[in-house]
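Report on the structure given below.
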Number of protein chains: 2
Amino acid sequence: MNLKQLSELLGLSQTTVSRALNGYPEVNEATRERVLQAVKETGYRPNKAAQRLATGKAGSIGLVMPTAPDHYSDVHFGEFLTGLGEEAVRHDFHFVIMPADPNDEVGALRRLAISGNVDALFVAYMRGHDPRLPMLKSLSMPFLVHGRSIGSEPDYPYLDIDNEAAFYDAARLLLQLGHTRFALLNGPGHLDFAIRRKNGLVAALSERGLSLPEDCVSHTSMTDELGQTAMERFLQMPERPTAILCSSTVLALGAIRAVNQAGLKLGEDISLIAHDDVLPHLKPENFSVPLTTTRSSLRAAGVRIAQRLIGTVKQEGPFPEQELWKTELIVRASTGPAPRDQNLGGV
Amino acid sequence: MNLKQLSELLGLSQTTVSRALNGYPEVNEATRERVLQAVKETGYRPNKAAQRLATGKAGSIGLVMPTAPDHYSDVHFGEFLTGLGEEAVRHDFHFVIMPADPNDEVGALRRLAISGNVDALFVAYMRGHDPRLPMLKSLSMPFLVHGRSIGSEPDYPYLDIDNEAAFYDAARLLLQLGHTRFALLNGPGHLDFAIRRKNGLVAALSERGLSLPEDCVSHTSMTDELGQTAMERFLQMPERPTAILCSSTVLALGAIRAVNQAGLKLGEDISLIAHDDVLPHLKPENFSVPLTTTRSSLRAAGVRIAQRLIGTVKQEGPFPEQELWKTELIVRASTGPAPRDQNLGGV
DNA sequence: TGCATCTGTCAAAGCGCTTTGGAACGACAT
DNA sequence: ATGTCGTTCCAAAGCGCTTTGACAGATGCA
């Protein structure tokens, strides 16, 4: 069943049927009803390829999935994708995924853009001075960045969370509790969010005249395994840190294992605040000692980004070009006053 | 630049240019060269939407990504996707991903099929009596299954590994080494591969008159965390098992942590064989005690499946409808003779 | 030389939709 | 009656490609 047949069936022109279906105003409500009814009965579905050719819109957004022999496919990516997808399905959009080596992200992105299969691009895992940004700007295709790129002119559309503020606030809380020795379990050092979180922590510390020794910072992929290893190293330091900031609840999972194995008590000997992306299988309140967290839902970000991107393609704007979401600091049991004995040397 | 302009530029008809580009034989080689040269110079790219409308082929394969509030997005899925993508890119295919609740897989698959965005479907995470199978067969769209569905008529195209044989062989090796008390760290119990692996183990055991107690089987998602928990339970049993079969190196990772924490020696007190999907960041030879494994590359399976699916769409067949890959049993240090003292009560 | 057969090319007809530029009609005011 | 709108609908022209059917011109065989 195609439009022509349907219109003949109804004794209407293709124009009218098309307009009825696409919600144009210049069609009688009674006629529209009749059309809609016929669609239901016949099961007519417009041909996507034809629509696409006629409108020039593919109804899809493209993204590059970083992948390589040594690449961790991490849960955060999957969670974000879920949000993106939820919203896309709602609008009958789909997304096209191009897997690519992380070293060839620029090329992959360009290929995706000129492939003609997508209307818009989505980009994540931003780095400082990200080379994809100039390329994206040179393309005449809408795009949206999740995160930001420190060192780049901030003249591109993005959605990010306020990573500096999140870790600044978290650090302030721990400082108020009397902690002076901090350590940071961070994500990969070249990624923007990791840089900013570190900056937030450093800023809070320097307000108190404190600094963050380099050996108290760990940059790794965000798996619990690596979180554990890094934490073990921290715990073996002669003057071990009492306050830990952690870029993911996944890292925290491993870190806490290390704390337990060292026979230390979380929330007493060691205070820990993790950033919580609201991963469904890793709820901070379900940890044996519930985790104090900075929270911002990754999935919600995915939904919002899809909304904006799809809206832009459909020209339903205007959307704010740049959004910076605040995180929530939620205090649970993993934070407590700095242990006395260790705090004597402090400020 | 479109075909019409290009053909005018060359003083040829659209027909000839189109044929030159698509490798049809009825065009002079010299002419073809000239066309190809012009394409290079002008940067002409055929419009995908128009091609699609004219040919009826979308150049894409569709798949459903299981996702839900409580769903683990696991590394195995990502790894497989990578293989799929690698091959797709090579053929200028893309894949369309529809996220869906695992409880609505059938509906999601149907929606994807009728959306008109895909030429073929790929399906994984097969269950016993999988309800998607009858639906897929009713569709007139090529599809390919990764895995099989025990309890369903095996009349659908699939690619699977011989899970029974893998775990049968693994179990035999351990039996030959004198082990009599087995435990199984398996994937989710409703999934076909898990069922078959258990069957393989049970078959090997029953040949020796042994059985597998229900409390020696653990069915969980395949994360190291859950592997550890399950293994801890096994180790606390009064007559603890000495031979462990493990459905993933990810599970093994956790399991081994439990073994170490119990102060036991892998390959001496406990022998363990894991199935190795050849995950890039988890090489069995890099474990502190290198792991004996049954091996079959998930990524390679992805590549092969993409090949077959794309070939089918392009009508380049014939491909074998059903492929069953043998796994390799690779002996490393995590397997050894059953400990004497514990083995006295055995066969 | 005549006739059949290839070769290389082309014009034109789709593919199924959207959208432009009217046109028919009744209502309303002049 | 005439002109002006607004409403509701339509015919036809694309969108950019593939593919069918036909046709010159070259070639082979008798």
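Naming: A, B, ... by sequence-line order, numbering from 1 per chain.
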Ordered by number, residues from residues 12-23 of chain B within less than 4.0 Å of DNA chain D (heavy atoms) are B/Gln14, B/Thr15, B/Ser18, B/Arg19, B/Asn22
Could you state the atom-to-atom distance from CZ of B/Arg32 to C1' of C/dT9 in whole Å? 13 Å
Taking ring-ring contact (aromatic ring centres under 6.0 Å, His included) as the cut-off, I'd like each qualifying pair that reaches into residues 131-154 of chain B, sequence neighbours left out, listed once. B/Phe80-B/His146
Show me the pairs that pass side chain to side chain donor-acceptor pair (under 3.5 Å) and involve residues 55-66 of chain B, at least two apart or across chains. none
Can you tell me how far P of C/dC17 sits from CE of A/Met1, to the nearest Å? 11 Å
Divergence of helical axes at both termini of the helix from C/dT1-D/dA30 to C/dT30-D/dA1 - five pairs an end, 10° steps: 50°
Could you tell me whether A/Gly116 contacts a base, only the sugar-phosphate backbone, or nothing, with contacts defined as non-hydrogen atoms closer than 4.0 Å? nothing
Calculate the interatomic distance between B/Asn47 atom CG and D/dG14 atom P; express it in whole Å. 17 Å
Salt bridge (charged side-chain N to carboxylate O under 4.0 Å, His left out) contacts touching residues 38-47 of chain A (sequence neighbours left out): none
Produce the list of close N/O pairs, under 3.5 Å, pairing protein atoms with atoms of nucleotides 5-8 of chain C; give distances to one decimal.
none

Sorted by chain and number, sequence neighbours left out, side-chain hydrogen bond (donor to acceptor under 3.5 Å, both in side chains) with A/Lys4 holds for none
Residue pair B/Gln307 / B/Arg304, side-chain donor-acceptor N/O under 3.5 Å: yes
Report the residues that fulfil ring-ring contact (aromatic ring centres under 6.0 Å, His included) with A/Tyr156, sequence neighbours left out, ordered by chain and then residue number. A/Tyr158
Send over the distance from B/Arg52 CZ to D/dC15 C1', rounded to a whole Å. 15 Å
Report yes if a side-chain nitrogen or oxygen of A/Tyr24 is closer than 4.0 Å to either non-bridging phosphate oxygen (OP1 or OP2) of C/dT19; otherwise report no. yes
Round to a whole Å and report the spacing from CG of A/Leu53 to P of C/dG16. 12 Å
Are A/Lys48 and A/Asp92 side-chain neighbours, meaning at least one heavy-atom pair lies under 4.5 Å? yes
Listed by chain and number, what are the side-chain hydrogen bond (donor to acceptor under 3.5 Å, both in side chains) partners of B/Arg90, not counting sequence neighbours? B/Glu87
How far does CD1 of B/Ile310 sit from CZ of B/Phe319, to the nearest 0.5 angstrom? 9.0 Å
Which protein N or O atoms sit under 3.5 Å from an N or O of nucleotides 25-27 of chain D?
none

Is there any salt bridge (charged side-chain N to carboxylate O under 4.0 Å, His left out) pair reaching into residues 149-158 of chain B, and which pairs are they, with sequence neighbours excluded? B/Lys137-B/Asp155
Measuring to OP1 and OP2 of C/dT18, would you say a side-chain N or O of A/Gln51 lies under 4.0 angstrom away? yes
Partners passing salt bridge (charged side-chain N to carboxylate O under 4.0 Å, His left out) against B/Arg52 (at least two apart in sequence or in another chain): none
Residues B/Glu105, B/Arg127: salt bridge by 4.0 Å N-O rule: yes
